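Encoded as structure tokens, the structure appears first; notes follow it.
If you read the sequence from its start, that first residue is 1, and numbering goes on from there. Worth saying up front: this structure is predicted, and the values here are computed from it rather than measured.
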Amino acid sequence: MTTLRAFTCDDLFRFNNINLDPLTETYGIPFYLQYLAHWPEYFIVAEAPGGELMGYSAAALMLSVFTVMGKAEGSVAREEWHGHVTALSVAPEFRRLGLAAKLMELLEEISEKKGGFFVDLFVRVSNQVAVNMYKQLGYSVYRTVLEYYSASSGEPDEDAYDMRKALSRDAEKKSIIPLPHPVRPEDIE
């Protein structure tokens with residue numbers, strides 16, 4: 001049975017296999033530590049009964065499955081207080097089992113408790129498997145962000161969709177009304 005628990009510092013050294021997936025954004029250890037310090041409730045990992053991280057390292061007994069990482073941000077006064085999905089990764093051998101949906105559900109519940117108006121995330125336009133999954137979970141494309149992702153050389157590489165799902169605090173669903181024109185990364189607040 002899969003167990004959901006808080007991500008710990010030790011997990012930083014156990015999830016490389018998933019982070020090396022070509023569609024997963026990777027960050028330096030200080031970035032992850034910042035999230036652990038500021039938004040620990042948004043940093044969740046799932047483990048199988050053995051307790052080791054499945055696909056996160058080259059360990060012989062790898063039994064955990066995935067991780068989700070997010071934060072709360074925005075302005076309450078402007079009805080922009082929201083949960084943000086920074087990273088959602090599932091080991092390739094455990095995809096299409098509903099694990100990502102469960103983690104998204106948990107992140108949405110946390111964002112509801114914190115009084116968020118919506119949850120948002122950025123996803124590569126070319127990652128249609130993820131885009132379709134998020135749509136099935138109730139997310140819609142709010143806007144396109146031009147050249148959001150960079151190639152390993154640092155050059156602009158690919159556009160992103162900013163996808164959103166309204167929470168109960170946004171009863172009129174104003175936060176998910178699509179913008180008519182694409183934006184640039186520097187235009188994002």
Side-chain angles (χ1 to χ4, degrees), residues 7 12 15-39 42-44 55-56 66-92 95-96 99-101 103-104 107-108 110-111 116-167 170 173-189:
F7 197 93
L12 291 171
F15 73 150
N16 289 334
N17 188 39
I18 287 177
N19 266 354
L20 296 177
D21 178 290
L23 294 175
T24 299
E25 293 299 308
T26 57
Y27 307 97
I29 288 177
F31 184 85
Y32 293 108
L33 290 174
Q34 176 185 349
Y35 271 73
L36 281 171
H38 292 284
W39 305 283
Y42 278 101
F43 213 159
I44 304 163
Y56 284 74
F66 51 86
T67 181
V68 66
M69 176 173 129
K71 63 182 177 180
E73 64 184 6
S75 164
V76 174
R78 294 186 304 182
E79 298 184 1
E80 294 176 355
W81 181 250
H82 66 282
H84 174 74
V85 180
T86 303
L88 173 66
S89 295
V90 176
R95 292 181 181 158
R96 301 185 190 277
L99 303 173
L103 283 173
M104 291 298 293
L107 192 138
E108 291 163 12
I110 293 166
S111 298
F117 289 90
F118 60 93
V119 173
D120 79 340
L121 58 93
F122 294 92
V123 61
R124 290 177 182 273
V125 170
S126 66
N127 191 351
Q128 283 302 301
V129 171
V131 170
N132 291 335
M133 179 197 71
Y134 292 126
K135 285 181 177 180
Q136 288 177 340
L137 296 175
Y139 288 78
S140 58
V141 175
Y142 172 69
R143 61 187 168 186
T144 300
V145 183
L146 302 174
E147 299 178 335
Y148 180 79
Y149 292 101
S150 298
S152 58
S153 65
E155 293 296 314
D157 179 42
E158 187 173 353
D159 299 345
Y161 288 138
D162 176 356
M163 298 186 76
R164 294 184 175 188
K165 181 177 182 177
L167 299 175
D170 183 11
K173 301 197 182 310
K174 292 189 281 185
S175 65
I176 63 169
I177 298 170
L179 294 184
H181 304 290
V183 299
R184 304 214 44 90
E186 58 269 19
D187 299 328
I188 300 172
E189 292 181 14

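For the residue pair V145 and R184, the shortest heavy atom distance occurs at CG1-C, 4.0 Å. In terms of heavy atoms, S150 sits closest to D157 at C-CB, 3.6 Å. The two residues Y161 and V125 have their closest heavy-atom pair at OH-CG1, 3.7 Å. Residue V141 comes nearest to P178 through the heavy atom pair O-CB, 3.8 Å, listed as atom of the first residue, atom of the second, then distance.
V119 places a side-chain heavy atom less than 4.5 Å from the side chain of L107. Residues R164 and D170 form no side-chain contact, since every pair of their non-hydrogen atoms from C-beta on lies 4.5 Å or further apart. Here the side chains of K165 and V85 are not in contact, with every heavy-atom distance at 4.5 Å or above. You'll find the side chain of P182 stays beyond 4.5 Å of the side chain of D159, heavy atoms only.
Here the CD-CZ distance, from E108 to F118, works out to 13.0 Å after rounding to the nearest 0.5 Å. Taken to the nearest 0.5 Å, the CG atom of L146 stands 12.0 Å off from the CD atom of E158. Distance check, rounded to the nearest 0.5 Å: CE of M163 to OH of Y134 gives 8.5 Å. The NZ atom of K174 sits 11.0 Å away from atom CD of E80, with the distance rounded to the nearest 0.5 Å. For the atom pair CG of D120 and OG of S175, the computed distance is 9.5 Å after rounding to the nearest 0.5 Å. One distance of note links CD1 of I176 with CG of D162; it measures 12.0 Å at 0.5 Å rounding.
Here the options are Y139, Y142, Y148, the test is ring pair (Phe, Tyr, Trp, His ring centres under 6.0 Å), and the partner is F122; only Y148 passes.
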Applying side-chain contact (heavy atoms from CB on, under 4.5 Å), run through N127 and M133 and close with a yes or a no. CA-CA 10 Å; N127 191 351; M133 179 197 71; over 6 Å; no
